[in-house]
Amino acid sequence: MTGPTLVPFQQIVVKVHSRCDLACDHCYIYEHADQSWRTRPKAISDEAISWTALRLAEHAKSHALPSVSVILHGGEPLLAGPERLRRVCEEFTAALEPVAALDLRIHTNGIQLSSRFLDLFDEFDVRVGISLDGDRKANDRHRRYADGRTSHPLVLRAVDLLRQERYRHLYLGLLCTIDVANDPVAVYDALAELEPPRIDFLLPHATWDDPPARPDGSPTAYAEWILEVFDRWDARGRPVPVRLFDSVFSTLAGGPSLTESLGLAPSDLVVVETDGTLEQVDSLKSAYEGAAATGFDVFRHRFDDVARHPGVQARQLGLAGVSRTCRQCPVVRSCGGGLYTHRYATGSGFDNTSVYCNDLKALVRGIEERTAQSTASPAVSDPEALLILQQDLTRYTLARLNEELGGRGGERWSAAWELASAIEETSLGLDEIYAHPYTRTWLHTCLDALREQRPDAVPLALRLESYVAAAALRSRLGVPVRVGCPTGTLVLPTLGELRLTDDGPCEAEVVGGPDEVLVSVPGREALRVRPGEAAPGWRPLRRPGLEGWPGLVLEDVDPFRDCFDEPVRAAGDTEALSRAWALLRDTAPEQAAEIASCLTTLTPLRSGGPSVGRHAYGALGISLEGTPTELAAALLRGFSRAKLRAIAEVTDLLAEDGAWLHPAPWQDEPLPASQLLAGAYERVLLAPLDPAATAHAVLALKALRDAPEPTVSGKRLIAALHKEAVRD
């Protein structure tokens with residue numbers, strides 16, 4: 001029986017000095033429940049430094065960590081003095097250099113900062129973060145000397161020193177602890193004026209036993225304060241990154257949290273005290289005496305031992321580690337239940353919502369309301385934007401293939417690549433090739449072959465010649481293009497195929513335009529074909545010529561069309577398709593128009609379907625048999641699946657899919673959000689043919705609207721579908 005998965009530590013806080021030269025009344029080290037600092041040595045010993053560096057190198061090597069962060073902390077770390085800090089930097093640099101990249105940082109109040117310290121930090125690339133709570137009035141509310149003197153002028157002196165050209169690269173940012181009694185705009189302006197590379201706004205540590213101050217009694221006072229900062233920051237053009245805001249942006253879009261105080265990412269931080277004791281995150285000292293203790297130290301224990309500690313693993317459970325109330329909350333992906341410390345209450349421990357719960361909800365929703373219009377992907381509402389993003393994805397995939405080939409395609413690949421680049425610069429011919437549904441299917445087939453080290457990988461990639469030849473013809477460049485034909489058949493994507501020989505592989509030279517193509521094979525008479533007309537050996541793509549769907553082709557030529565769940569077949573009689581399309585235009589004109597604008601290609605299947613091909617946006621595999629009603633419904637179902645998949649390829653609609661199950665109105669078993677969304681989307685489109693489907697779709701969309709999984713883009717799509725479903 002195996003235990004929980006071990007999450008390695010990638011951030012190590014090293015307490016180099018355990019005393020401070022200020023007496024900040026909101027400090028979690030000296031002013032809160034845990035007073036263990038009183039029994040610890042003031043400065044870290046040489047032995048503790050050496051063992052910590054050794055343990056960290058051992059940990060990084062055993063977990064193959066590419067990099068680790070070491071944060072020098074206190075107390076006030078500068079009180080350790082330059083020589084002790086040099087010893088720390090030397091030990092960690094020497095230990096980590098053969099193993100992993102080392103990111104050294106120091107968090108300080110700045111009072112002692114001088115050129116002597118900064119010259120040392122420059123030598124070891126130690127970046128400096130400074131604590132500052134805003135303008136003088138705000139900073140003096142808490143950050144004073146023990147005798148009440150202000151620290152503000154000395155902190156500004158430290159920041160000014162860091163902003164000098166020779167030290168600017170060491171300037172990490174400013175950390176500001178929020179006090180809602182301060183003016184949020186004045187605080188932000190004072191911090192932004194110092195041009196920090198980043199600002200961190202921190203909620204003051206509090207628990208249910210010792211809740212945060214709320215001078216006006218508002219349950220969302222902290223959210224209101226932060227949102228005033230957000231509005232000022234946004235109005236000023238977002239001149240400096242604010243980690244709190246960036247984290248909410250990331251999680252709303254389906255990405256990870258960027259701070260421990262928000263989100264569901266597992267904690268990866270361990271603290272080394274001045275006596276070598278290994279502890280959990282410092283903020284736990286706000287909860288109760290001994291809350292951060294593990295019983296381990298660097299002299300006798302490895303970091304893996306700490307990583308297995310129940311208290312550490314409780315902060316690595318993600319969704320399973322938050323309270324039951326939090327697991328059902330729509331904003332849990334963004335707030336993550338709040339900082340672990342802020343959930344504490346005597347009797348129930350940490351199995352509670354955050355003491356800032358209402359603030360976190362209001363903050364996430366406030367930022368979402370302010371930014372959803374500009375941050376949601378246009379792909380969810382604009383078919384043209386979706387097409388452009390899909391073409392960009394194909395361009396990116398082609399660039400990946402070129403990179404992964406690494407020259408293995410030889411002169412033939414280089415010549416085709418150079419011609420493709422020339423066409424890209426001079427015409428739109430490649431746009432039509434990028435829009436061809438099976439181009440990206442070919443690209444991914446090549447990438448798979450390269451990863452699997454298959455012998456056909458390079459020959460598959462060299463089919464680029466045929467794509468470039470088709471683009472050159474469409475561009476009317478009049479440039480001859482050499483194309484290898486491994487099966488004796490010349491395939492011109494978007495145009496057709498020409499049988500050249502039954503004797504095996506050959507090479508052809510292709511020149512002409514979209515109206516006439518001249519194909520030359522060494523030792524044979526040149527062939528002249530018209531792409532839109534069938535001729536001996538030449539099979540052009542079939543165009544049914546459906547009214548209102550002029551761009552549709554029946555693709556039964558492209559060698560990469562066989563990417564569906566069912567076997568493909570040659571296109572035959574299209575009478576059933578014509579009748580189904582006529583029915584669709586009569587009964588569902590809006591849906592038909594959308595299909596005509598997005599679907600360019602139907603590939604006939606022997607049976608079954610509709611089926612969405614791998615990476616084949618704009619294509620649908622479908623059997624062309626059945627009654628007009630059956631085929632019309634199949635087109636609607638297939639289109640809903642194809643478009644939803646295409647949107648999901650260019651933007652995240654859901655995050656943490658599968659972590660929750662939701663009741664499905666059309667079946668007894670609950671479904672993950674992705675399947676519920678797909679079922680609702682399909683039923684909205686089917687409503688003209690099956691009015692009963694609408695009621696189920698509306699119920700499913702209401703459930704999704706209040707679910708945690710949808711991103712900003714996902715919510716916009718759900719809202720649009722709901723609006724369409726409930727309109728008269």
Side-chain angles (χ1 to χ4, degrees), residues 253-254 375-403 420-421 423-424 427-448 463-464 467-468 470-471 474-475 493-495 541 549-553 555 558 560-564 591 593-603 610-622 635-654 674 677-678 681-682 685 711-714 716-717 720-721:
T375 56
S377 172
V380 302
S381 55
D382 183 350
E384 184 64 25
L386 177 57
L387 174 61
I388 292 170
L389 288 169
Q390 280 284 333
Q391 289 182 2
D392 287 346
L393 190 54
T394 302
R395 284 184 175 87
Y396 165 75
T397 309
L398 178 58
R400 274 181 56 204
L401 176 58
N402 180 57
E403 183 178 341
S421 300
I423 295 172
E424 184 86 73
S427 76
L428 299 177
L430 267 176
D431 283 353
E432 294 171 297
I433 301 302
Y434 289 140
H436 178 54
Y438 301 122
T439 297
R440 205 154 77 243
T441 305
W442 159 67
L443 288 168
H444 279 279
T445 301
C446 294
L447 289 169
D448 288 346
R463 286 182 178 268
L464 175 66
Y467 290 90
V468 173
R474 288 188 168 280
S475 301
T494 75
L495 297 172
L541 295 185
W549 201 357
L552 176 66
V553 298
E555 176 61 89
D558 194 291
F560 296 95
R561 72 193 184 281
D562 193 2
C563 57
F564 300 99
Q591 288 87 339
E594 191 175 7
I595 286 175
S597 70
C598 299
L599 279 183
T600 63
T601 305
L602 294 181
T603 290
S611 182
V612 180
R614 182 190 183 204
H615 308 296
Y617 173 62
L620 195 63
I622 192 168
L635 283 171
L636 286 173
R637 286 197 304 274
F639 171 67
S640 75
R641 297 170 191 173
K643 187 172 182 183
L644 191 59
R645 177 169 181 166
I647 295 172
E649 283 182 327
V650 297
T651 186
D652 288 320
L653 297 173
L654 304 167
S674 56
L677 177 58
Y681 198 171
E682 185 174 307
L685 286 181
T711 64
V712 172
S713 294
R716 170 170 280 196
L717 177 62
L721 288 172

Quiz prompt | Rounded distance (nearest 0.5 Å) linking atom CD1 of I423 with atom CG of D431 | solution = 11.5 Å
Quiz item: If you measure from CD on E649 to CG on L393, what distance do you get to the nearest 0.5 Å?
Solution: 6.0 Å
Exercise. Calculate, to the nearest 0.5 Å, the distance between atoms CD1 and CG belonging to I595 and L685 respectively.
Key: 7.5 Å
Quiz item: Mind checking what makes salt bridge (Lys or Arg N to Asp or Glu O under 4.0 Å) contact with R474, not counting sequence neighbours?
Solution: E432
Exercise. In sequence, state the C-alpha distance, the side-chain angles, and the governing distance for T439 and T397, and then conclude on side-chain contact (heavy atoms from CB on, under 4.5 Å).
Key: CA-CA 10 Å; T439 297; T397 309; over 6 Å; no
Quiz prompt | side-chain hydrogen bond (donor to acceptor under 3.5 Å, both in side chains) against R614, all qualifying residues, sequence neighbours excluded | solution = D448
Quiz item: Taking only residues two or more places apart in sequence or in another chain, which ones pass side-chain hydrogen bond (donor to acceptor under 3.5 Å, both in side chains) with S381?
Solution: none
Practice problem: For L552 and L599, run side-chain contact (heavy atoms from CB on, under 4.5 Å): C-alpha distance rounded to whole Å, both residues' side-chain angles, the deciding distance at 0.1 Å, then the answer. | Solution: CA-CA 7 Å; L552 176 66; L599 279 183; 5.8 Å; no
Quiz item: Hey, what do you get for OG1 (T603) to CZ (F560), rounding to the nearest 0.5 Å?
Solution: 13.5 Å
Quiz prompt | Spacing of L398 atom CG and Y434 atom OH [to the nearest 0.5 Å] | solution = 5.0 Å
Quiz item: For Y438, which residues count as a ring-ring contact (aromatic ring centres under 6.0 Å, His included) partner, sequence neighbours excluded?
Solution: H436
Quiz item: Where is the tightest heavy-atom contact between L389 and A379, given as atom of each residue plus distance?
Solution: CD1-CB, 3.7 Å
Exercise. Kindly indicate whether the side chain of P610, heavy atoms from C-beta on, has any atom under 4.5 Å from the side chain of F639.
Key: no
Quiz item: Going by heavy atoms in the side chains, are D392 and V650 under 4.5 Å from each other?
Solution: no
Quiz item: Closest approach of A385 and P378, non-hydrogen atoms and distance?
Solution: CB-CB, 3.8 Å
Exercise. Just do the side-chain contact (heavy atoms from CB on, under 4.5 Å) check on L541 and T601 with the steps written out, would you?
Key: CA-CA 10 Å; L541 295 185; T601 305; over 6 Å; no
Quiz item: Where is the tightest heavy-atom contact between A435 and L387, given as atom of each residue plus distance?
Solution: CB-CD1, 4.3 Å
Practice problem: For R463, enumerate each residue passing the salt bridge (Lys or Arg N to Asp or Glu O under 4.0 Å) test, keeping only those at least two apart in sequence or located in another chain. | Solution: none
Quiz item: Which atom pair, heavy atoms only, marks the closest approach of A471 to L430?
Solution: CB-CD2, 3.9 Å
Practice problem: Would you mind reporting whether F564 and I622 have side-chain heavy atoms less than 4.5 Å apart? | Solution: no
Practice problem: Check the pair N402 / L464 against side-chain contact (heavy atoms from CB on, under 4.5 Å), numbers first and verdict last. | Solution: CA-CA 10 Å; N402 180 57; L464 175 66; over 6 Å; no
Quiz prompt | CZ on R440 to SG on C446, rounded to 0.5 Å | solution = 14.0 Å
Quiz item: What closest approach, in Å, do T441 and A616 show between heavy atoms, and which atom pair accounts for it?
Solution: OG1-CB, 3.8 Å
Self-check item: Under 3.5 Å donor-acceptor, Q390 side chain and A646 backbone
Solution: yes
Quiz item: Is there a side-chain contact between L602 and L635 (heavy atoms, below 4.5 Å)?
Solution: yes
Quiz item: For the residue pair G618 and P437, what are the closest heavy atoms and their distance?
Solution: C-CG, 3.9 Å
Quiz item: Who are the salt bridge (Lys or Arg N to Asp or Glu O under 4.0 Å) partners of E424, not counting sequence neighbours?
Solution: R395
Quiz prompt | Sub-4.5 Å side-chain heavy-atom contact between T494 and V553 | solution = no
Quiz item: Checking S377 side chain against S713 main chain: does a donor-acceptor pair fall under 3.5 Å?
Solution: no
